[in-house]
Protein chains: 2
Amino acid sequence: MPLKPPVILASVPLFNGLGSHHLDLLTNLAIQKSYKKGEFVFSEGDPGDGFYIVVEGQVKVFKTSSEGKEQILHIFGPGEPIGEVAVFAGIPFPANAAVLAKSVLLFFPRDAFIRLIAKDPSLAMKLLAVLSTRLKQFTVQVENLSLKEVPGRIASHLLFLAEEQGNRHRVTLTISKGQLASLLGTIPETLSRIQSKMAAQGLITVSGREIALLDLEGLERLSETGKL
Amino acid sequence: MPLKPPVILASVPLFNGLGSHHLDLLTNLAIQKSYKKGEFVFSEGDPGDGFYIVVEGQVKVFKTSSEGKEQILHIFGPGEPIGEVAVFAGIPFPANAAVLAKSVLLFFPRDAFIRLIAKDPSLAMKLLAVLSTRLKQFTVQVENLSLKEVPGRIASHLLFLAEEQGNRHRVTLTISKGQLASLLGTIPETLSRIQSKMAAQGLITVSGREIALLDLEGLERLSETGKL
DNA sequence: CATTCTCCTTGACCTAAGTCAAGGAACGCG
DNA sequence: CGCGTTCCTTGACTTAGGTCAAGGAGAATG
């Protein structure tokens, strides 16, 4: 059931600084949709007739192999746009999107949104920045997958979370270990084993989704020269 | 030695369809630079004070691990823009760029170029399309690295080249085998071995940089369900 | 509170692909 | 045209990490 969105657009970074006139136009464009845990937002190959912004909840974008293994490309939280690639490249969605928890998204239909950008270069500049940042993130993901072994990827990710959460010594996972494995290009078993080994070496302690970073030096070293 | 560029901008896809006024402005912005084989265009971490367009030659963009292994992110040919990510995200270059053969590039300084876009939404739309397409390519690269084994990656790449070169049954590598290995996230030894195996099974025949695709069916299958 | 999920962990095993080392082929240079 | 350098190929070996299988812990449900 599509609903009219609440007036939260102003708090979305992408629309930040937009005039209230444009915000009104956007508000009229947007269609609000709700999803329950596990539900797909779109599938790889679906026509890219618009993009989404997360209002609340969490969405994973991922690829699946023929044997059913899954690789998460990115996890999106509130305020982040999903699927703009399909809109601007004029192609079908290149990956799947599914929600990890009950979520609310806003949908912006392609054509109307494109018309809006054409009129407002500042919106275009914002989008360029968003896409560029995502590109940079892919750069890191490829580096991690190809040049680092699993322990290094885990260490990197923990340090990244510490940075993001603004706490040098303790991080909270926002996704399950299984999903984390899929994000890091490995499987739960391997993640589990390495996590144990890291704990045994005094690098971290794990308790549920709470992880204490005991040895930042060591983690830093591990994240670069992958040897555990 | 920077030189004024020749009037080839109109033939660059990114600037295609731009008015001659804007083309003149761009021409005045651009600085032509020449590189000899192996030379770096920029290094990871360098300030992103502008971006480049390939006029002739070939440029690889790549990451390097602490142990010296290299992963190529993309190979750019004539007409393609390099390094826009740094410009629009306002960050240093997130990877290295080096030329694979004697090359000529045009450099566009950041600030002037940004001013130009702000005035011309159609240029912004073109850039959005370019970045989106690159994003989609990364999507494929991550999928290949994480969800496919090396034989599958090779098969995919050969089929991709066949598509690109418009010849179903014969492709020509434009880079050395060693560089190809680095692009596919493996090493020359492994590439070599698998190529031999594929030849033994009648999928392909290899002679230098010329590869004949004998069994498209088989390659297609291999590219999906990676079993050789 | 017991039951059933779902998720996580550990063990034994196996295999894809990386390392090290040695020849060969091809290419550019003097 | 011969020489050296760079690139490619093949072989023997090692290993990171995936697979399969079996518990165990925690959360959710009736």
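What you see is a predicted model; the values in this text were computed from it and never measured. Proteins come first, then strands; the chains are lettered A, B, ... in the order of their sequence lines, and each starts at number 1.
Heavy-atom distances under 4.0 Å link DNA chain D to no residue of residues 174-182 of chain A.
Here the P atom of nucleotide C/dC7 and the CD atom of A/Glu70 are 12 Å apart, to the nearest Å. Atom P of nucleotide C/dA16 and atom CD of A/Glu67 are separated by 12 Å, given to the nearest angstrom. Taking atom CG of B/Leu184 as the reference point, atom P of C/dG18 lies 11 Å away to the nearest angstrom. Atom CZ in A/Arg209 sits roughly 12 Å away from atom C1' in C/dT6 (whole-Å rounding). Rounded to an integer number of Å, the gap from NZ of A/Lys37 to C1' of C/dC5 is 11 Å. Rounded to whole Å, atom C1' of C/dG18 lies 15 Å from atom CG of B/Leu145. In this structure, B/Glu210 atom CD and C/dA26 atom P are separated by 14 Å, rounded to whole Å. Distance CD (B/Gln71) to P (C/dA17): 14 Å, rounded to an integer number of Å.
In this model, a donor atom of one side chain and an acceptor atom of the other lie less than 3.5 Å apart for B/Lys148 and B/Ser156.
Below 30°, between 30° and 60°, or above 60°: for A/Phe108 and A/Phe51 the angle between ring planes is below 30°, a parallel geometry. A/Phe138 and B/Phe138 have parallel rings, their planes meeting at less than 30° on a 0 to 90° scale where 60° marks the start of perpendicular.
Every residue was checked against the salt bridge (Lys or Arg N to Asp or Glu O under 4.0 Å) condition with B/Arg193, not counting sequence neighbours, and none meets it. Residues forming a side-chain contact (heavy atoms from CB on, under 4.5 Å) with B/Gln71 (at least two apart in sequence, or on another chain): A/Val142, A/Ser146, A/Leu147, B/Gln141, B/Leu145. For the side-chain contact (heavy atoms from CB on, under 4.5 Å) test, residues two or more places apart in sequence or in another chain that qualify with B/Glu149 are B/Pro151, B/Lys227.
In summary, A/Lys63 and A/Glu70 do not engage in a salt bridge, as defined by a charged side-chain N under 4.0 Å from a carboxylate O. The pair A/Arg170-A/Glu210 counts as a salt bridge, with a side-chain nitrogen and a carboxylate oxygen less than 4.0 angstrom apart.
Taking five base pairs at each end of the helix from C/dC1-D/dG30 to C/dG30-D/dC1, the local helix axes there meet at an angle of 50°, rounded to 10°.
Annotation: side chain of A/Gln179 is in contact with side chain of A/Lys60 (closest heavy-atom distance under 4.5 Å). Considering only heavy atoms from C-beta on, A/Phe88 stays 4.5 Å or farther from B/Leu131 through its side chain.
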query: What string of B, S and - do you get for nucleotides 15-30 of chain D, 5' to 3', if B is base contact, S is sugar-phosphate-only contact and - is no contact with any protein heavy atom under 4.0 Å?
result: -SSBBB----------
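Between B/Phe40 and B/Phe62, a ring centre-to-centre spacing shorter than 6.0 Å is recorded.
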